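Scope of the values below: all heavy atoms of this structure, side chains included, with no hydrogens, waters or symmetry mates. The structure presented is a predicted model; accordingly, all values stated were derived computationally and were not measured.
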Amino acid sequence: MDPILEDFLSDPSADISALHDVARIKALLENCAKEGRAISYSELLLNLGFRFTRPKMRAVCKTLDRIDKLNAEEGAPALAVLVVREGDGLPGQGWWVGREDYQGQWTGPDAQVYIAKLQRQVFSYWKDRRK
């Protein structure tokens, strides 16, 4: 069996469409923003009914890109910056690729400062939108 297909079948009770559910994932991230906290890739996948695997993470990252494009159209800040690795609290490589507003290392103190700044902007935007 194809290893990628096998990976997706490893969570038989999970609904694969959840990985591409823009509204559901956007709502999860908006709730995190309102609470003033980041969410790990593992926690996000768990909320969708999956255990962490790289293929599932890559699938959900495509959805995060769509959410950020929608937010830009709506004049809202990007939410993908809230999805981070558990180890260092920073977004993964895919988030950094192609960024024009940051040219430093993707790990370490400078990256931490940059991400903290962006996350504060997201938290500030959503602070007044708590329900």
Do [X] and [Y] touch side chain to side chain, with heavy atoms closer than 4.5 Å?
| X | Y | answer |
| --- | --- | --- |
| K26 | N71 | yes |
| L48 | R24 | yes |
| F123 | C32 | no |
| Y102 | K117 | no |
| V60 | V83 | no |

What distance do [X] atom [atom1] and [Y] atom [atom2] have between them, rounded to the nearest 0.5 Å?
| X | Y | atom1 | atom2 | value |
| --- | --- | --- | --- | --- |
| Q103 | W96 | CD | CH2 | 11.0 Å |
| N47 | L29 | CG | CG | 9.5 Å |
| R58 | T53 | CZ | OG1 | 8.0 Å |
| R51 | S42 | CZ | OG | 11.0 Å |
| R120 | I115 | CZ | CD1 | 11.0 Å |
| S40 | L82 | OG | CG | 12.0 Å |

Looking at [Y] and [X], is any side-chain nitrogen of the basic one under 4.0 Å from a carboxylate oxygen of the acidic one?
| X | Y | value |
| --- | --- | --- |
| K34 | E30 | no |
| R37 | E43 | yes |
| R85 | D88 | yes |

If two hydrophobic side chains count as joined below 4.5 Å and joins carry through other members, does [X] share a cluster with [Y]?
| X | Y | answer |
| --- | --- | --- |
| I16 | L46 | no |
| V84 | L45 | no |
| V97 | Y41 | yes |

Give me the atom names and distance for the closest heavy-atom approach of [X] to [Y].
| X | Y | answer |
| --- | --- | --- |
| H20 | T63 | CA-OG1, 3.3 Å |
| A33 | W126 | CB-CD1, 3.4 Å |
| W106 | L90 | O-CD1, 3.6 Å |

**Message:** With a sphere of 6.0 Å drawn around CD of Q112, does it hold more than 12 non-hydrogen atoms of other residues, nucleotides or ligands?
**Reply:** yes

